[in-house]
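In what follows, a structure is listed as structure tokens, so that the remarks can point back to it.
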Amino acid sequence: LGWSAAPLSPLVLCCSLLLVLLVLQGCKPAHYRLEHQYQSASQDGRIAFLILHYTDEDDDHSLRLLTQSPYKVSAHYLVPRAPDRSPLPIYQLVPDSQRAWHAGRSRWHNQAGLNASSLGIEIVNLGYDTKEAQLPIDARHWQTFTEAQIAAVGALSQDLVERYHIPPTHVLAHSDVAPTRKLDPGPRFPWRRLSLEYGVGAWPDEGRVAALRDELEHAPQGRWDAARWQQALARYGYDLPQSGHWDDPSRDALRAFQLHFRAARVDSEPDHESQAILMALLEKYHPAHP
């Protein structure tokens, strides 16, 4: 009797060929083996800063600008304004491990280009009407942040600061790291509440500020000239030239400082209160070495 095998089906044939290829691939010699038993002590995390912004747009426009490629801008988190939901949803647009394009040309202390080392939180807020752009900052009508936004930003910032060990003086406004270009998140952002209620960011001891202000009012010799102001602002972290006189970059840095720590009057003028606040902050966070 004759015998003949049935032809293999195309599926069986494909599976057989794939198995042969996998076996042959496994026979190739490895060119390296990755070892993990040694770790360098000279390393740190990517994330060193938390930078807060406002979008200058409404919810829909903010989401479109921060997610669509033609606009070439992004942030790790977007805090909306309009959703009537509790808790307020926060949109994570970029993973923490990735770099977002939110800070632009920026500098704090000796670190420049802070996109590479920061997380960015954008908060939906219209800022001020562009028709008021020529008015003094104090004369513009700035949009307030909602209580839901403040609570959401506070809780999110608290989580991020704890997770990545971000120091208080590295929780910053966009205006702090780009003082010649930016004003956001503006004078209505509650930095004091963020620090005192959520433990996030720097804030001076208010009793110490009052004592220093009283000393300055009664001791004119303690008032700083332009060179001392420039040195102190740079010591705190602001990027400005040490020209020895009140040039535009120095005024911009002082304005950014006031936006963050003395928003009730933002005029770029070196007064007793601004000096007392800066002195108290330096004592608290950057004490001079003996």
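Counting from 1, the numbers follow the sequence of the chain as shown.
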How far apart are the C-alpha atoms of Tyr238 and Arg107, what are their side-chain angles, what is the distance that settles it, and do they pass the side-chain contact (heavy atoms from CB on, under 4.5 Å) test?
CA-CA 8 Å; Tyr238 290 93; Arg107 189 178 188 92; over 6 Å; no

From Phe49 atom CZ to Ile51 atom CD1, the distance as rounded to the nearest 0.5 Å
7.5 Å

Write down the atom of Leu212, the atom of Ala276, and the distance for their closest heavy-atom approach.
CD1-O, 3.6 Å

Suppose the criterion is side chain to side chain donor-acceptor pair (under 3.5 Å): which pairs have a residue in residues 124-137, not counting sequence neighbours?
Tyr128-Arg140, Glu132-His141

Is any side-chain heavy atom of Trp108 less than 4.5 Å from a side-chain heavy atom of Asp176?
yes

Sorted by chain and residue number, the side-chain contact (heavy atoms from CB on, under 4.5 Å) partners of Glu269 (sequence neighbours excluded) come out as Arg251, Asp267

Looking at residues at least two apart in the chain, or sitting in another chain, which of them share a ring-ring contact (aromatic ring centres under 6.0 Å, His included) with His53?
His102, His174

Parallel, tilted or perpendicular: ring planes of Phe189 versus Trp191, cut at 30 and 60 degrees:
perpendicular

Report yes if some heavy atom in the side chain of Asp56 is under 4.5 Å from a heavy atom in the side chain of Asp184; otherwise report no.
no

Transitive ILVMFWY side-chain link Val266 to Leu135, under 4.5 Å
no

Between Ser106 and Ala178, is there a donor-acceptor pair closer than 3.5 Å when you use the side chain of the first and the backbone of the second?
no

Pairwise distance CG(Leu119) to CD1(Ile47) - rounded to 0.5 angstrom:
4.0 Å

On the 0 to 90° scale, with breaks at 30° and 60°, tag the Tyr54-Trp142 ring pair as parallel, tilted or perpendicular.
tilted

Linking I/L/V/M/F/W/Y whenever any side-chain heavy atoms sit under 4.5 Å apart, do Leu88 and Tyr91 land together?
no

Only pairs under 3.5 Å count here: list side-chain donor-acceptor contacts from residues 166-173, not counting sequence neighbours, and write none if there are none.
{"from": "His170", "atom 1": "ND1", "to": "Ala48", "atom 2": "O", "distance (Å)": "2.9"}

Within a strict 4.5 Å, meaning less than it, do heavy atoms of the Ser157 and Leu50 side chains meet?
yes

Shortest non-hydrogen separation from Pro187 to Ala263 and the atoms involved
O-CB, 3.4 Å

Identify the heavy atoms of Ala75 and Val94 that sit nearest to each other, and give their distance.
O-CG2, 3.4 Å

Residue list, side-chain contact (heavy atoms from CB on, under 4.5 Å) with Ser195, at least two apart or on another chain
Trp203

Tell me, yes or no, whether the heavy-atom count around Arg181 atom CZ, taken from other residues, nucleotides or ligands under 6.0 Å, exceeds 12.
yes

Gln258 side chain to Ser268 main-chain N or O, any donor-acceptor pair under 3.5 Å?
yes

First locate atom CD of Gln98, then atom OG of Ser74, and finally report the distance between them rounded to the nearest 0.5 Å.
10.5 Å

Quick check on the hydrophobic clustering: are Leu114 and Val73 connected, directly or via other members, by side-chain heavy-atom contacts under 4.5 Å?
no

Should Arg223 and Trp229 count as side-chain neighbours, where that means a heavy-atom distance under 4.5 Å?
no

Not counting sequence neighbours, list each pair that qualifies as a salt bridge (Lys or Arg N to Asp or Glu O under 4.0 Å) and has a residue in residues 145-167.
Asp96-Arg163, Glu147-Arg193, Asp159-Arg163

Any residue meeting side chain to side chain donor-acceptor pair (under 3.5 Å) with Asp58, in chain and number order, not counting sequence neighbours:
His61

Look at Arg33 together with Glu35 and state whether they make a salt bridge at an N to O cut-off of under 4.0 Å.
yes

Rounded distance [0.5 Å steps], CG in Leu52 versus NE2 in His260:
9.0 Å

Quick test of your reading: applying salt bridge (Lys or Arg N to Asp or Glu O under 4.0 Å), list the pairs with at least one residue in residues 202-211, sequence neighbours left out, ordered by first then second residue.
Arg192-Glu206, Asp205-Lys284, Arg208-Glu283

Salt bridge or not between Asp252 and Arg255? Use side-chain N to carboxylate O under 4.0 Å.
yes

If every non-hydrogen atom of Asp247 is compared with every non-hydrogen atom of Gln230, which pair is closest and at what distance?
OD1-NE2, 4.0 Å

Please list, chain by chain and in numerical order, all residues satisfying side chain to side chain donor-acceptor pair (under 3.5 Å) with Arg85, sequence neighbours excluded.
none

Quick check: is Ile121 connected to Leu63 through a chain of hydrophobic side chains (ILVMFWY, heavy atoms under 4.5 Å apart)?
no

Does the gap between the ring centers of His218 and His272 come in under 6.0 Å?
no

Does any N or O in the side chain of Arg46 come within less than 3.5 Å of the main-chain N or O of Ala116, such that one atom is a donor and the other an acceptor?
yes

Under the side chain to side chain donor-acceptor pair (under 3.5 Å) test, residues paired with Tyr198 that sit two or more places apart
none

Distance-minimising heavy-atom pair for Asp59 and Ala82:
OD2-N, 2.6 Å

Report yes if the side chains of Leu278 and Leu233 come closer than 4.5 Å at any heavy-atom pair, otherwise no.
yes

Flag, side chain of Asn115 to backbone of Trp101, donor-acceptor distance under 3.5 Å:
no

Specify the closest pair of heavy atoms between Pro80 and Pro89, including all atoms of both residues, with the distance to one decimal.
CD-O, 3.0 Å

Give a yes or no on whether the backbone of Thr146 and the side-chain of Gln149 come within a donor-acceptor separation of less than 3.5 Å.
yes

Are the side chains of Phe257 and Ile277 in contact, using a 4.5 Å heavy-atom criterion?
yes

Quick one: does any side-chain atom of His76 pair with a main-chain N or O of Gly120 as donor and acceptor, under 3.5 Å?
yes

Could you list the residues that satisfy side chain to side chain donor-acceptor pair (under 3.5 Å) with Arg99, not counting sequence neighbours?
none

Applying side-chain contact (heavy atoms from CB on, under 4.5 Å), name anything that partners Ser62, two or more places apart in sequence or on another chain.
Thr55, Glu57, Leu78, Val124

State plainly whether one hydrophobic cluster holds both Leu126 and Leu259, where clusters connect Ile, Leu, Val, Met, Phe, Trp and Tyr through side-chain heavy atoms under 4.5 angstrom apart.
no

Any donor and acceptor pair, going by atom type alone, linking the side chain of Arg235 with main-chain N or O of His286 inside 3.5 Å?
yes

Mind running side-chain contact (heavy atoms from CB on, under 4.5 Å) on Phe261 and Leu281 for me, showing each step along the way?
CA-CA 10 Å; Phe261 295 105; Leu281 286 166; 3.8 Å; yes

As an exercise, state the distance from CD of Gln231 to CD of Gln242, rounded to the nearest 0.5 Å.
6.0 Å

